[in-house]
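The chain is numbered in sequence order, starting from 1. For clarity, every value in this text was computed on a predicted model and none was experimentally measured. Heavy atoms only: backbone and side chains are in, while hydrogens, waters and symmetry mates are out.
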Amino acid sequence: MLDKDDYYAYKSTTNHSSGSGGNGSGGGKLIIAIVVIMLIYFIANGASWDAIDTLLGFGLIAYFLAKWLFS
């Protein structure tokens with residue numbers, strides 16, 4: 001039968017984060033905030049759909065890159 005102390009000993013050794021917002025969530029949230037602000041600005045100024053599509057594409061790439069770098 002498993003002991004609860006074994007479980008907590010396992011949990012304390014499995015997930016070591018670097019302190020930068022957990023597993024990459026700090027960089028990801030920043031990218032999302034920047035893209036949302038830029039998206040609102042683009043829509044308010046009447047940008048073309050191609051510009052909005054490009055913004056969202058680069059935003060997604062930047063999000064994945066930030067998650068990979070800060071994890």
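L60 and V36 fall within a single hydrophobic cluster, where Ile, Leu, Val, Met, Phe, Trp and Tyr are joined by side-chain heavy atoms under 4.5 Å apart, directly or via other members. Neither I61 nor F64 shares a network with the other; the hydrophobic side chains, linked directly or stepwise wherever heavy atoms of I, L, V, M, F, W or Y lie under 4.5 Å apart, form separate groups for each. Criterion: ILVMFWY side-chain heavy atoms under 4.5 Å apart, direct or through other members. Under it, I43 and M38 are part of a common hydrophobic cluster. Both Y41 and L55 belong to a single network of hydrophobic side chains, linked directly or stepwise wherever heavy atoms of I, L, V, M, F, W or Y lie under 4.5 Å apart.
Shown here for A66 and G28, the closest heavy-atom pair between the two residues is CB-N, 4.3 Å. Here the closest heavy-atom approach between residue Y63 and residue I31 is recorded as N-CG2, 3.7 Å.
The line from CZ of F58 to CG of L65 is 12.5 Å long, rounded to the nearest 0.5 Å. Distance check: I40 CD1 to N45 CG gives 12.0 Å after rounding to the nearest 0.5 Å. Interatomic distance, L56 CG to L39 CG, rounded to the nearest 0.5 Å: 5.5 Å. Once rounded to the nearest 0.5 Å, the distance linking OG1 of T54 with CH2 of W49 reads 13.0 Å.
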